[in-house]
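To start, the structure under review is shown below, and the notes come after it.
Every heavy atom of this structure was used, including side-chain atoms; hydrogens, water molecules and symmetry mates were not. Every chain is numbered from 1, with letters handed out A, B, ... down the list of sequences. Remember, predicted model here, so these are calculated numbers, not experimental data.
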Protein chains: 2
Amino acid sequence: MTIKEVAQLAGVSPAAVSRYLNGGPLSKEKKEKIARAIEETGYRPNMMAKTMRTGKVRQIGIIVPRIFSESVNQLMDGIAEELLEKDYLTLLGYSDARKDRELQYLEMMVSNRVAGIILMATTLSDIKKLSLENCGVPLVVTGQKFDGLPCVYHDDKNGVKEMTSLMIRKGRRRIAYIGVFEEDKAAGMLRREGMQEALREAGLDADNVPRRIADFNSESGYEAMLELLAEHPDIDAVMCATDVIAHGAMKALKRKGRRIPEDVSIAGVGDNWADLVSEPELSTVRLYQRRCGTEAARMLLRLIGEEEPEGTSGDGADLRVGIRQVLSQDRFAEHLMLGYRIIERGSI
Amino acid sequence: MTIKEVAQLAGVSPAAVSRYLNGGPLSKEKKEKIARAIEETGYRPNMMAKTMRTGKVRQIGIIVPRIFSESVNQLMDGIAEELLEKDYLTLLGYSDARKDRELQYLEMMVSNRVAGIILMATTLSDIKKLSLENCGVPLVVTGQKFDGLPCVYHDDKNGVKEMTSLMIRKGRRRIAYIGVFEEDKAAGMLRREGMQEALREAGLDADNVPRRIADFNSESGYEAMLELLAEHPDIDAVMCATDVIAHGAMKALKRKGRRIPEDVSIAGVGDNWADLVSEPELSTVRLYQRRCGTEAARMLLRLIGEEEPEGTSGDGADLRVGIRQVLSQDRFAEHLMLGYRIIERGSI
DNA sequence: TTGTGAATTGTAATCGTTTTCATTATACTT
DNA sequence: AAGTATAATGAAAACGATTACAATTCACAA
């Protein structure tokens, strides 16, 4: 069904039908005839053709490292909410944390002429920088700080640092760490550094911390914990880079007869819903993933040129830290770092 | 950057550039000149224009009731995997289980001329049937059985029935049920019916089961359980429509001093990863959401006309039941019902 | 009756590609 | 050397919409 066929059926010109659809001047009788023809044929305008002619797109792209993850979900949820009533459709890419796929999706989306892209970055290869800066479509990075590009991210380092300090204040000294691969700067490197910084400030040895690298799932945390216990049976606290890992580790601790928190304290990052399921409940560094999504979406909308309705910014009160700075590298790139909150529960 | 500009820069015709991109006959020297021009300008072909001209789309739409849900995630993961190497991009819609939004997204996707749509249905309003059958784009429904449309779904009823029977065999008699809203036929009505059928077959009263309706989150399960306990303190088993609800209920049971499984048995549906986090571990009716996704994707691809590589069907061995029937209503509509597996853990 | 202005309407160009078809250049046969 | 087959090339039409512009209609005033 094309506009031409509808026009023919209604006995008018294609232009008239277009005017009917977009609110141009039109006589009553034609309006009725066209309405009838559309009704009859079930015609729906071809968005691609429209976009092509007008240059206006109502589609944005989202690229995430994985789908099966609570934090990713929260982010997507936040983005979706913000883009919802704006009638934007989202093109989803699923990079599996592989940079080739990240790039592949970026290119496909650029080819599809999306209005903008939100990239939940893990590894931030510099390839990206090269191929993105000049591709023309606005891009917002989330989860990682990236100079020269607008981004929304978390205060990963201080969050973990403060949680570790808390455990130290509670008397823990032989602290272990289960992290993730360091190519993921935010979740890998910065969280590890936060942990080490806390140790250093407390005068503990930060360089020889018993630690392991795990994947983003709980089995992996379980394995890592078993290994750590085998090597260092006297561990009295474990800081984990994510809650999911922490739950696996907790399971391993219990299996090896450790009481939590009497023998060993444990904490994670993220504030997963399952934190309330375990016994004891898992202490965690709460991050604002959902907020991260809405903020990234707003930022992108602003970049695209969609005006933002001046209003209250929603759940802003929940933030501990919240700096917003505008860097000027080659062009303005807004940076927003969200805060965190230490959630102390039974596990420490 | 358009093909015309590239052509001009390379000193050839647009047709030549097109041939370069799509592998038509071309002399070496032109190839080189064009390659250089593309390199220099960073030109990327406009997919929309291409689609417009050729009529071939490599985009499919997915509509899910919510993003923040493990089962939805698994499904999307399955779909993504299947569509991955086929170079399909996915347009994501997020209905929030509201049928107006479901419809809105359907229309937007049809307008965007996607090659096909996978709809994870909850409420299956008949509106859908009307507006979908004639819209021309192939549609696969997942999660719900829908006569006349191709769909992939689970054996919700028998799964819950078998789990309930198991609890009865273990000596439980005063069984309660926490379900979800019945407009969701699969998760609401069918699971409830399965529970009742088990009771009936065991000669128990199936009509006056203590029960509550909860939302798809754990707080809601917690509240429901408290209410049930207040009314029926002697409950000795709880069947829950989802694992997340079950975890909330379990928390409430513990808070009220019930030992699990000595005093009360509890089970859910879905096989959530957090089932291993709780103590005791949660028994569950495992569903094959991921498989559901891959099967739906394959089905859609088949409908679209993308040929399927004849090969092993992957994780098929995991299935208990697996019927595949071809209904012929107005057109062929393949139906695939996936099985389930009873996972018995500490909670019963 | 005729001229004027406003309101409607249609024609045709355009967006960025692909592809048909006719044309030109090249190589090969005899 | 001339004719023919084959390969390489470009001009122009199409895909389905929007929109600038010109054309038409109509009411109304002079």
Side-chain angles (χ1 to χ4, degrees), chain A residues 1-35 37-38 41-59 87 89 107-115 135-137, chain B residues 1-35 37-38 41-59 87 89 107-115 135-137:
Chain A
M1 258 315 121
T2 76
I3 204 172
K4 232 181 251 175
E5 299 175 87
V6 173
Q8 196 157 17
L9 192 75
V12 300
S13 74
V17 179
S18 175
R19 276 190 271 264
Y20 172 82
L21 293 168
N22 301 304
L26 210 56
S27 67
K28 278 224 175 58
E29 45 174 347
K30 296 220 177 210
K31 271 184 190 163
E32 280 167 22
K33 281 199 286 188
I34 293 172
I38 288 180
T41 56
Y43 163 76
R44 322 214 120 275
N46 183 328
M47 270 300 161
M48 291 203 168
K50 180 169 187 158
T51 292
M52 175 127 232
R53 175 62 227 248
T54 63
K56 269 139 189 32
V57 213
R58 295 200 83 79
Q59 256 181 35
D87 276 350
L89 230 35
E107 303 203 336
M108 286 173 80
M109 288 177 179
V110 171
S111 280
N112 274 89
R113 299 294 191 266
V114 292
C135 74
V137 324
Chain B
M1 259 312 122
T2 77
I3 205 172
K4 231 181 253 176
E5 298 176 89
V6 173
Q8 196 157 17
L9 192 73
V12 299
S13 74
V17 180
S18 176
R19 276 190 271 263
Y20 172 83
L21 293 168
N22 301 303
L26 209 56
S27 66
K28 280 226 173 58
E29 45 173 349
K30 295 217 179 211
K31 271 184 191 163
E32 280 167 21
K33 278 198 288 187
I34 293 172
I38 288 179
T41 57
Y43 163 77
R44 322 215 120 274
N46 183 329
M47 271 299 161
M48 290 204 168
K50 180 169 187 159
T51 291
M52 176 132 224
R53 175 62 227 247
T54 63
K56 270 138 189 33
V57 213
R58 295 199 84 79
Q59 255 179 36
D87 276 351
L89 230 35
E107 303 203 337
M108 286 174 81
M109 286 178 180
V110 171
S111 279
N112 274 89
R113 298 295 191 268
V114 293
C135 75
V137 324

Can you list the residues that meet the side chain to side chain donor-acceptor pair (under 3.5 Å) rule with B/Arg58, with sequence neighbours excluded?
B/Glu306
Considering only heavy atoms from C-beta outward, does the side chain of [X] approach that of [Y] to under 4.5 Å?
X: A/Val6; Y: A/Ile38; result: yes
X: B/Met48; Y: A/Val57; result: yes
X: B/Asn112; Y: A/Gln59; result: yes

Contacts satisfying salt bridge (Lys or Arg N to Asp or Glu O under 4.0 Å) that involve residues 21-30 of chain B (not counting sequence neighbours) are none
Would you give me the side-chain donor-acceptor pairs under 3.5 Å for residues 8-24 of chain B, sequence neighbours excluded?
residue : atom : partner : partner atom : Å
B/Ser13 : OG   : B/Ala15 : N            : 3.4
B/Ser13 : OG   : B/Ala16 : N            : 3.3
B/Ser18 : OG   : B/Asn22 : ND2          : 3.4
B/Asn22 : OD1  : B/Lys50 : NZ           : 3.3
B/Asn22 : ND2  : B/Ser18 : O            : 3.1

Identify the two heavy atoms, one from A/Met52 and one from B/Met52, that lie closest to each other, and give their separation to 0.1 Å.
SD-SD, 3.8 Å
Protein-to-nucleotide contact annotation, 5' to 3' order, nucleotides 9-16 of chain C [B base; S sugar-phosphate only; - none; under 4.0 Å, heavy atom]:
BBB-BBBB
Could you tell me the boundaries of the chain B footprint on DNA chain D, defined by atoms under 4.0 Å from its heavy atoms?
D/dA8 to D/dG16
